[in-house]
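Report on one structure; see the data block that follows.
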Amino acid sequence: MGKLDLSAIIKNKSTAAGAVVGLALGAGVAAAAITGIGQHSLGIGGYDGAMLIKTGDVTPVKPPAGAPMSFADMIDRVSPAVVSIEIKGKKKVPAGGITLPGFDLPGDDDGGQGGSATKEQEFRGAGSGFFISPDGYVVTNNHVIQDATEISVVLNNDKQLKATVVGRDVATDLAVLKVEGHDFPFVRFELERKPRVGDWVVAMGNPFNFSNTATAGIVSAYGRDLKDSGADYVDYVQIDAAINMGNSGGPTFDLYGRVIGVNTSIVTPSGANAGVGFAIPADVANRITSQLMKGVKIERGYIGVTIMPVTDEAAGALGVSDTTGAYIADLTKGGPADKAGIQLGDIVKTVNGQPVKSPTELTRRIADVKVGEKVTLGVLRGGKMVNLTLTAALRPGEDELARGLNGSGNDNDTGPSGSNSGTPPVIGLSVKPLTPESRRAFGIGNDVNGIVITNVDASSEGGQKGLKPGDVVVLANQQSLSSQADFARVIEETRKAGRSSVLLLINRDGRNLPLVLSIK
């Protein structure tokens with residue numbers, strides 16, 4: 001499964017400004033090209049060694065087997081089912097000027113609280129979609145209609161219809177709309193014979209508000225895991241057919257006019273198409289949208305854990321031979337995993353006896369478990385496999401989960417410091433037990449256990465990796481800690497085992513994060 005660092009993933013919402021810039025640049029390039037031909041034609045010796053061939057002299061060449069002479073017949077057949085989606089809405093924006101993230105500027109009407117005042121501002125957006133049934137159901141991306149108060153579906157004959165939201169699923173970024181009417185042209189999802197990597201595909205939609213736009217390319221890859229997109233439930237199809245802002249929610253077709261994906265994201269250094277686009281696969285889109293059309297709420301299994309990859313560094317620190325599985329970085333107190341005895345630092349290796357390769361795979365496997373169903377996890381703990389059975393709960397909404405991940409601790413850089421009553425630091429870290437006094441000093445919640453860092457040697461690896469006073473060392477190599485002596489003992493055991501690093505689980509602001517440090 002391919003993994004990408006996608007800081008440049010863009011959800012393709014169309015903006016009129018983007019279209020204007022694109023047209024302006026295009027005009028400049030065209031002018032330069034015309035000027036260049038004129039200059040060459042005045043020179044001696046032709047075109048710098050290149051041969052001028054009049055287009056009328058070129059005889060069409062039959063394409064090789066498997067390559068279409070034209071996509072026109074297929075596009076003529078399916079294009080009536082592809083629509084443009086126009087939205088209106090309101091968003092809260094800072095009042096009185098531009099603000100930078102993380103900096104609140106005093107406002108004139110903030111009640112003297114020193115915070116930045118906001119106001120509601122109307123916005124317009126556009127995207128793409130397609131009819132999936134003759135009675136007016138339209139599939140699109142959730143992010144296309146997010147925050148919309150009015151939604152219109154524009155047919156390819158420019159007829160405009162008011163649309164209502166039937167249902168949406170934030171986790172897969174899919175939504176279903178409904179317009180009044182009947183006998184609409186529609187297309188179907190391809191669920192049996194998906195194209196191979198290298199097969200032709202055609203993407204259609206409304207890029208930069210240019211409706212009825214078709215672009216052709218090939219399937220570039222399957223199983224793309226877009227970690228930074230927030231969607232852990234989708235193995236995306238990667239295509240190189242041009243996708244731009246406004247294409248989101250439109251269909252990707254195979255050569256038979258069957259929908260093999262829903263266009264949703266691009267990776268780009270510039271904001272425009274760079275040949276790397278992603279579509280939600282037809283099987284996922286069909287399963288989710290068919291439930292939404294029936295009014296069925298999308299439910300997913302949940303066990304109450306925060307999981308992370310087992311990196312090469314972490315595997316080396318723990319002395320394990322592979323990096324498969326999912327590292328338990330945090331537990332929801334009272335959740336299914338907590339009740340079943342799952343512990344921080346466990347590495348989930350199997351679900352119901354089947355291997356787990358990555359955190360994403362574990363998330364998807366648990367999501368497929370029905371609420372109330374029993375599931376057995378095989379976890380690696382202290383070098384031994386342990387099987388634990390738990391009962392899956394209902395996964396909360398994505399917004400609720402996101403709020404829970406923000407933590408409730410204080411970002412407090414102040415507090416007691418020093419070398420823990422003269423005791424030499426361990427790998428550059430001075431630590432002390434968590435007491436009521438240290439919890440108050442550093443703003444550490446009562447549900448956090450471990451040892452608190454009171455001082456960090458700036459030249460140590462911990463200092464270079466950003467550790468600071470107030471951070472809590474929850475685990476060291478999967479072992480709980482209550483004192484500096486515990487910490488020193490784990491480090492010494494790790495050295496005697498011939499390993500050169502230690503895996504720490506650090507709690508900051510209520511969130512647990514694994515960190516590997518050298519012990520050389």
Kindly say whether [Y] contributes a backbone atom to a donor-acceptor pair with the side chain of [X] at under 3.5 angstrom?
X	Y	result
R77	Y256	yes
T332	G335	no
D346	Q343	yes
D254	G257	yes
K297	Q291	no
N141	H143	no
T350	G378	yes
D368	R365	no
T324	K357	no
S128	N206	yes

Does NZ or CZ of R300 fall inside the cone over Y233's six-membered ring, less than 6.0 Å from its centre and within 45° of the axis?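 Yes, a cation-pi geometry.
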
For F123, does the six-membered ring have the charged nitrogen or CZ of K88 within the cation-pi criterion, i.e. under 6.0 angstrom from the centroid and within 45° of the normal? no

Would you find more than 12 non-hydrogen atoms of other residues, nucleotides or ligands less than 6.0 Å from N352 atom CG?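 Yes.
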
Is the CD atom of E192 crowded by more than 12 outside heavy atoms at less than 6.0 Å? no

Do S152 and Q160 meet the criterion of a side-chain donor-acceptor pair at a distance under 3.5 Å? yes

When you check the side-chain N and O atoms of N156 and N212, is any donor under 3.5 Å from an acceptor?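 No donor-acceptor contact under 3.5 Å links the two side chains.
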
Would you name the heavy atoms of A163 and V179 that are closest together and state the gap between them?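 Heavy atoms of A163 and V179 come nearest at CB-CG1, 3.8 Å.
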
Minimum-distance pair of heavy atoms, taken over all atoms of A242 and A203: O-CB, 4.4 Å

I would like to know whether T389 and K374 meet side chain to side chain donor-acceptor pair (under 3.5 Å); could you show each step before the answer? CA-CA 7 Å; T389 300; K374 299 287 186 181; over 6 Å; no

Is the closest basic N to carboxylate O distance between [X] and [Y] below 4.0 Å?
X	Y	answer
D338	K333	no
D322	K349	yes
E190	K194	no

Roughly how far, to the nearest 0.5 Å, is CG of D235 from CG of D225? 6.5 Å

How about V187 and F253: do any of their side-chain heavy atoms sit closer than 4.5 Å?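 The answer is yes, as the side chains (C-beta and beyond) meet within the 4.5 Å cut-off.
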
With side chain to side chain contact (heavy atoms under 4.5 Å, CB included) as the criterion, how do V276 and D240 come out once you've worked through the C-alpha distance, each side chain's angles and the decisive distance to 0.1 Å? CA-CA 5 Å; V276 183; D240 72 347; over 6 Å; no

